[in-house]
Amino acid sequence: MFHLPVLKNRRTLLERAEKFISDVYFTDCNLRGRLYGESCPVETIASFLTPDRITFSEASTQNFEPYEICGTFGPTWWTCWFKVSMTIPESWRGKEVHLLWESDGEGMVWRDGQPVQGLTKEGEKTSYILSECLKDEEPHSVTLYVEMACNGLFGAGQGSMIAAPDPNRMFSVQKAELAILNRDVLKLLTEFEMLVDIVKELGEGDQRGYQALFTVNEMVNVCNPFDPSSFSKAHSLARSFFNQRNGESQHTVHAMGHCHIDSAWLWPYEETIRKCGRSWVTAVGLMEKNPEFVFTCSQAQQFEWVKSWYPGLFSKIQHHVKTGQFVPVGGTWVEMDGNLPSGESMVRQFLQGQLFFNREFGMYCKEFWLPDTFGYSAQLPQIMQGCGISNFLTQKLSWNLVNTFPHNTFFWEGLDGSKVLTHFPPGNSYEMKGKVDDLVKTVKNNKDKGRANHSAALFGFGDGGGGPTQHMIDRLCLVRDTDGLPRVQMSSPSKLFSQLQADSALLCTWSGELFLELHNGTYTTQAQIKRENRQCETLLHDVEIASSLALCRNKTFVYPVEKLQQLWRLLLLNQFHDVIPGSCIGMVVEDALKYYKNIRSDGAALLWEACEALESKGSSTAVFNSLPWERHEVVQITDGTDAPVLALLRAPSVGVSPVKDTQPVTPVSVAPQTDGSVIMENGILRTVVSKDGTLASLYLIAANRETVSDGCAGNQFVIFDDVPLYWDAWDVMDYHLQTRRPVLEVVHPAQVVSSGGLRGSVSFTLRISDKSSVTQEIIMDATCPYIKFSTKVQWAESHKFLKVEFPVRVRSPNATYEIQFGHLQRPTHWNTSWDWARFEVWGHKWADLSEHNFGVALLNDSKYGYSIHQNTMTLSLLRAPKAPDATADMGTHQFTYAIMPHTSCFQDASVIQCAYNLNFPLRLIQCRPETEPWSAFSVSPSSVILETIKQAEDRKGMLVVRLYESHGGSITANLHVNIPVKEAWHCDLLERQDATRPAQITPEGISLSFKPFEIVTLLLVL
Ligand SMILES: [Zn+2]
């Protein structure tokens, strides 16, 4: 028998097969050119353009004008509705008929008034199936609507993806026609493509790759694109290759459809609603055709949007949740930032999310799902466990710029010792395409080889939505069990995690935070958003406490359940992982600030109503303290003439006291010096403020200790060049440290504003550049152990970073930073790459640098970025990135930070309480003149902090109180309760009562035991 010659030329054989399926080359004679058969134009196409995102019923009644293919429409963010009428030729009977649609923008097909499928060229969705097998009785005349959003999957960046959007981009439809799809050609194309990819991915060192090469080569030989009868021969060659099975030990890839949709990023929130609609309706369509297909979907907020905008789609989703194909994951309201939200906000992310999933789908999520955020707080494991979640999936740490994270599957141990089983898909992506290289990478990159033999592969276009395609599913199904590749099964998170759990004996444990060595500018960018977040967190804290107390003291008071839920959800939404980090476009910033404004105004009204119910209205003024300790502070009040005056007030723990001015034992003295400096002293601290506003000295009187380093100045503003490699709003790079310049030019030298008594203060102005300046008032209050820096910055820079430094006389290898419900330490040296990669870190209300028996704390009211290197404590203040928001942070900023030297350790020096005091102002309310001071709750010892008091979700007559151990020690504490409480029960963070754990109420209070950093939640039955 004569054998056709196959020479030893791998390259030509491989490229021959590639060209056989190329959509660019040789389509006149290759297989790819036969994908579609006959085609014909659509009958008519007409359009209607609108700047608004309107409903189908509104759109369909508009006046549509004829549209010519390739005619332009726009601009960016508008919507063009198309009415497409078509008649399928009768001769196409028995054929699969598609509408082929190629256009810019993101489209949604509407049929009979219902959304049916997304159409997005970028997301490889350019056809809509009109009939799978045309029958005579089917209607041949069809009218569809296509709703075309004038933005791409990734917005409309001008010049690059993350550049600010081009407001004037125009769009067009390039193709709208009917065509016959040859299904057998499509099947064969997938087989060819996978074989070609196996040859390429397995490489020249792998004999299986050569088997693929000769198989695909022979397939080209036997396949005549113009003779469909030849296809079966090629197909059976492919089948015998793909059916050669793996050994039992092969790695298993759990393929799950996914569609990461950023709740707002390079497009506004409103467009996200339509992204969800387009992506999810397509996923539901795939489920109907592929019973095995599983789609994982996070963020309760997005489900809530779809429920109200696409109710028909939502009920289909509910059905597919029941069948196990549409799998809600994550348990949170949105995929929030993992660093910046407060502890209570983190809890509410889960509470709002899990309650939503339970209400709508009768289930709680079992895994936390946060593939795409910029670091993960060490308190998350405890919060997850408290919310019924013991598994965690992410992959972002693969983005580390310096160190490679050593695990893919491991136990993550949090601050308190809570552990969660954690999986980073080794393919390092949450938007795979089901291709061979995704599978090969998943096996190769797995850093837990031999320890974990199962991995997740999330497939589907993501970030801007889009999701999986039929083609991706076809690819994966072809290689379920093919020798040389990992085993592939369509799976779900619960299947994956139960496999990993069952086989977890050899897994390693990572303790403490998951710090992302990238995107460290997101602790500072968009300062206004950060400030609003902090202030709204404190406002809602106070509203809930005042409302809870009002509930106890006033029978007629109604707890504002719905309004509070609405405000919390707005706050939680803005904690999305591209909003609070400041990595979004200007339109999103505008929306976010609008939501904060709503929270502020409605929150203020709620607080006012609650306080009115607390104390019957009267002519006197009282002070409301929401914090669980007595406070003695200088507060600005108004006298009868409305002129602001200061008073030193005492306010009981979680309670109210009439305003009664007391006199300080030691008033503040202020002494201007001949050299222009000013000395201020309050009996605790003595400071010398130089002419230029720096602190020449900060002296802790009782300890006889100078705080400021020898020859240095405290409160030194410094500015850096801040030009990252790419991710502008996200990244500050290590090399910015080489560009440090002190801000030295004095515009107005230090001058006394408050001359002492209750308050001493000095103000000055510095010039940062010809466009930017900083004006600051340095405030020393009577009895106050810290100095406040009330700061106003006029900021009009480009790619600059403003910080303030305090070089202090402390030597310690570690600094401490507040995080959610606790604190952690990070090194102050740059010994190893893991140390210096943390040159810019995040913290909440305070950071502290202490040696034995002396330390300095740096407090703030709205900042999150810190760096403490050797003995210099630095607070990050403002950045000036230009992408994706060209005007990010331009304008006026107002913030306050404070410096607090102390003896002993920061815990015993009440640094934590002082930071709370700085953030939670005492609030003045009206009361009757005869009001007596009262306190509803207090805790002893003070290491346990009563963080939250609220009405239980869906349960009237029950309060939830949440406390945590803040010092990092085991302790038994007493919660003193001065309101009538019938019963007290332990509960989890979802407020589910633990029937085995009643809490004993005694006359001394409720005794509670805590492990270090433990969060304890109680239900109090009123
Ligand atoms: Zn994202």
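Counting from 1, the numbers follow the sequence of the chain as shown.
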Stepwise salt bridge (Lys or Arg N to Asp or Glu O under 4.0 Å) check, Glu18 with Lys200: CA-CA 11 Å; Glu18 282 180 303; Lys200 288 200 273 194; 2.8 Å; yes
Between Thr469 and Glu124, does a side-chain hydrogen bond (donor to acceptor under 3.5 Å, both in side chains) hold up when you go through it step by step? CA-CA 7 Å; Thr469 63; Glu124 294 178 4; 4.9 Å; no
Check the pair Gln489, Lys495 against side-chain hydrogen bond (donor to acceptor under 3.5 Å, both in side chains), reporting the backbone distance first and the verdict last. CA-CA 10 Å; Gln489 67 180 58; Lys495 277 186 200 158; over 6 Å; no
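Within the structure, every pair that satisfies the side-chain hydrogen bond (donor to acceptor under 3.5 Å, both in side chains) test and touches residues 226-236, not counting sequence neighbours, is listed here: Glu191-His235, Asp227-Ser229. Residue pairs meeting the salt bridge (charged side-chain N to carboxylate O under 4.0 Å, His left out) criterion with at least one partner in residues 80-95, sequence neighbours excluded, are Arg93-Asp136. Residue pairs satisfying the salt bridge (charged side-chain N to carboxylate O under 4.0 Å, His left out) criterion with at least one member in residues 464-485, sequence neighbours excluded, are listed as follows: Glu193-Arg475, Glu292-Arg480, Asp481-Arg487.
Here the CD-NE2 distance, from Glu288 to His319, works out to 7.5 Å after rounding to the nearest 0.5 Å. Summarising the geometry, atom OG belonging to Ser263 is positioned 4.0 Å from atom CD belonging to Gln302; distances are rounded to the nearest 0.5 Å. Atom CD of Glu147 is separated from atom OG of Ser60 by 11.0 Å, given to the nearest 0.5 angstrom. Separation of atoms OG1 (Thr282) and CZ (Phe461) is listed at 12.0 Å; rounding is to 0.5 Å. Distance check, rounded to the nearest 0.5 Å: CG of Asp184 to CZ of Arg34 gives 12.0 Å.
Every residue was checked against the ring-ring contact (aromatic ring centres under 6.0 Å, His included) condition with Tyr310, not counting sequence neighbours, and none meets it. His454 meets the ring-ring contact (aromatic ring centres under 6.0 Å, His included) test with His254; sequence neighbours excluded. With sequence neighbours left out, Glu65 forms a side chain to side chain contact (heavy atoms under 4.5 Å, CB included) with Asn63. Contacts of Glu201 classified as side-chain hydrogen bond (donor to acceptor under 3.5 Å, both in side chains), with partners at least two apart in sequence or in another chain: none. With sequence neighbours left out, the ring-ring contact (aromatic ring centres under 6.0 Å, His included) criterion links Tyr269 to Tyr595. A search for side chain to side chain contact (heavy atoms under 4.5 Å, CB included) contacts involving Thr44 returns Ser85, not counting sequence neighbours. Here Glu271 pairs with Arg53, Arg274, Arg278 under the side-chain hydrogen bond (donor to acceptor under 3.5 Å, both in side chains) rule; sequence neighbours left out. Partners of Tyr67 under the ring-ring contact (aromatic ring centres under 6.0 Å, His included) rule, at least two apart in sequence or in another chain, are Phe82. Every residue was checked against the side-chain hydrogen bond (donor to acceptor under 3.5 Å, both in side chains) condition with Trp81, not counting sequence neighbours, and none meets it.
Remark: Arg208 qualifies as a cation-pi partner of Phe241 under the 6.0 Å distance and 45° angle criteria applied to the six-membered ring.
Under the 30°/60° scheme for interplanar angles, the aromatic rings of His258 and His260 are found to be tilted. Taking the six-membered ring where the residue is Trp, Phe295 and Phe326 present perpendicular rings, their angle passing 60° and hence far from 30°.
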